[in-house]
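Single-structure report; data block below.
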Amino acid sequence: MTLSRPAFDNSYARLPERFWSAQEPVPVAQPALIRINHGLASMLGISAEWLESPEGLEVLAGNRVPEGSEPIAQAYAGHQFGGWNPQLGDGRAVLLGEIVTPQGQRYDIQLKGAGRTVWSRGGDGRSPLGPVLREYIVSEAMAALGVPTTRSLAAVATGESVLRERPLPGAILTRVASSHIRVGTFEYFAGKQDYDAQRLLADHVIARHYPEAARSEQPYLALLEGVIARQARLIAQWQQLGFIHGVMNTDNMLVSGETIDYGPCAFLDEYSPATVFSSIDSFGRYAYGNQPAIAQWNLAWLARVLLPIVPGEEDPAVHRAQQAIEGFIEQYEAAWRELMHHKLGIAQPDASSDTLLEALLELMTRERADFTLTFSYLTALAGGDTILQADIESFWTPPPSLANWLPGWQARLQQAGQDASARHQLMRRANPLYIPRNHLVEEAIAAATDHHDFSLFHQLVERVTAPFDFDPAARHYLQPPRPEQVVKQTFCGT
Ligand code: AMP
Ligand code: MG
């Protein structure tokens, strides 16, 4: 039997050498498989059996460069916490190459934690096990929730230890993305005033992600507008799920519109727009409620660095770019409104349903209601799902003011005249039961790191990748943290 290995077809490595540096992964002592993502492997047309074979494991650990791979570290810059850094680049990631799926979609295959590169600066190029597991869990949860995201194909242990505050087991994540081109990739060349490179990069991105922009009379402005539209939708999806990215630097924003870099990320337990988790975000720049404004700030940098390569008169181009940036908030709000109404089972928002939604969010904030559970509870009520309702009520008390809010909402659902089962379906899809709650993620990481026990990790992945399917035996995953389990900070994945 021949097992299908990845068939590489590399386009980024065809760009000039100043876009990347040739970089083989640095071999590790003792690779051991943690998890292979079978569903993703099959979508990619790579055999999971091959990934699990000794040869596959060597590739995933960086001990063997597979045929057709042209390993590179990519150059990029970025604004980190508002400050400009002209040179970042892949300091601990190696892009093995690109593959095209049987459906014709192109994906990057990258090893994260694969050793030092020319961009490593003081870093060791490695990743501890914890951040690899967190990224695996959360990225796969996001994919299952329908959010555009990079994916996790595999996690392997290196058998080496990585020194952080203490020695930790090392691991490597195989990350799959439709590309790893960041807002910061454009900024890198802008910083060097390398307009030829900017144009090559923009043309590459258009061909790869925004082919419709090529037919526009101003392709680079159409590209900007395309990125803005996808980011507006993406951030609205984050907000409607209570997802906090935690480190929205411009180097962590992909122009493809996929979520990337699950470092100090977390989902809200109690609803509060000011929530921050990242231990390195001391001023709350990347708080939950700030995410739309920060995305707009990042996109304004993309606009600034694209403008110099827009041909023709300057004024109309600047005007159009400005309008696009200003329009981001409008697009975001429209997407947010639609998605938040879906959470209430309302397909057609209007002024009175806006008032209902506002009142709900206001009472949730005031009474520190659990974000995910509140909406799961409403879903159970709307669907007459008494089993789920009883299950939730067995461990959770709805916020007291909800009782006063419910009649108005129920009256609204009656008068909307929509088919009750369609409405319930809408709510079910918008209101996951199971999210990777921080305390569960931390628990799984601790068991793996301290006791070499991966069972909680595997169970959590299984659960959060079926986020809408109620399982009465899985109450543990539905429950918010007890006071002593509340995670207040998550640490950056470095
Ligand atoms: P991140 O916080 O993962 O977005 O990384 C920000 C920058 O720091 C990127 O250029 C990374 O490649 C680099 N970096 C993060 N961790 C390490 C590490 N352990 N060794 C070398 N570079 C790193
Ligand atoms: Mg990053």
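Read the numbers this way: they start at 1 and go in the same order the structure lists the ligands and their atoms.
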Using 30° and 60° as the class limits, which term best fits the ring planes of [X] and [Y]: parallel, tilted or perpendicular?
| X | Y | answer |
| --- | --- | --- |
| Y286 | F81 | tilted |
| F189 | F19 | tilted |
| H245 | Y262 | tilted |

Pair [X] + [Y]: basic N to acidic O under 4.0 Å:
| X | Y | value |
| --- | --- | --- |
| R230 | E258 | no |
| E442 | R134 | yes |
| R182 | E187 | no |

Location of contacts on [X] toward ligand 1, heavy atoms closer than 4.0 Å:
| X | answer |
| --- | --- |
| W119 | neither |
| R164 | side chain |
| N252 | side chain |

Problem - ring-ring contact (aromatic ring centres under 6.0 Å, His included) partners for F267, two or more places apart - result: F243
Practice task
Kindly write out the residues that satisfy ring-ring contact (aromatic ring centres under 6.0 Å, His included) with F454, not counting sequence neighbours, or none if the list is empty.
Solution key: H452
Handout entry: Sequence neighbours excluded - side chain to side chain donor-acceptor pair (under 3.5 Å) pairs with any residue from residues 17-31
Key = R18-D194
Fill in the blank from the handout: If we number the atoms of ligand 1 from 1 as shown, the ones under 4.0 Å from a heavy atom of G123 are 20 (N), 21 (C)
Problem - ligand 1 to D261 polar contact by distance, N or O atoms, under 3.5 Å - result: yes
Handout entry: Heteroatom proximity flag, D124 to ligand 1, N/O under 3.5 Å
Key = yes
Practice task
Examine ligand 1 and decide if any of its atoms is less than 4.0 Å from a heavy atom belonging to G125.
Solution key: yes
Handout entry: Close approach, R116 and ligand 1, non-hydrogen under 4.0 angstrom
Key = no
Problem - the Mg ion (ligand 2) neighbourhood, protein N/O/S only, threshold under 2.8 Å - result: N252 OD1, D261 OD2
Exercise for the section: Taking the six-membered ring for Trp and the full ring for Phe, Tyr or His, determine whether the centres of Y136 and F457 are under 6.0 Å apart. Expected result: yes
Problem - Residue selection (non-hydrogen contact nearest atom 10 (O) of ligand 1) among G89, A73, G91 - result: G89
Exercise for the section: Using heavy-atom distances, let me know which of R121, E135, R92, R126 sits nearest atom 8 (O) of ligand 1. Expected result: R121
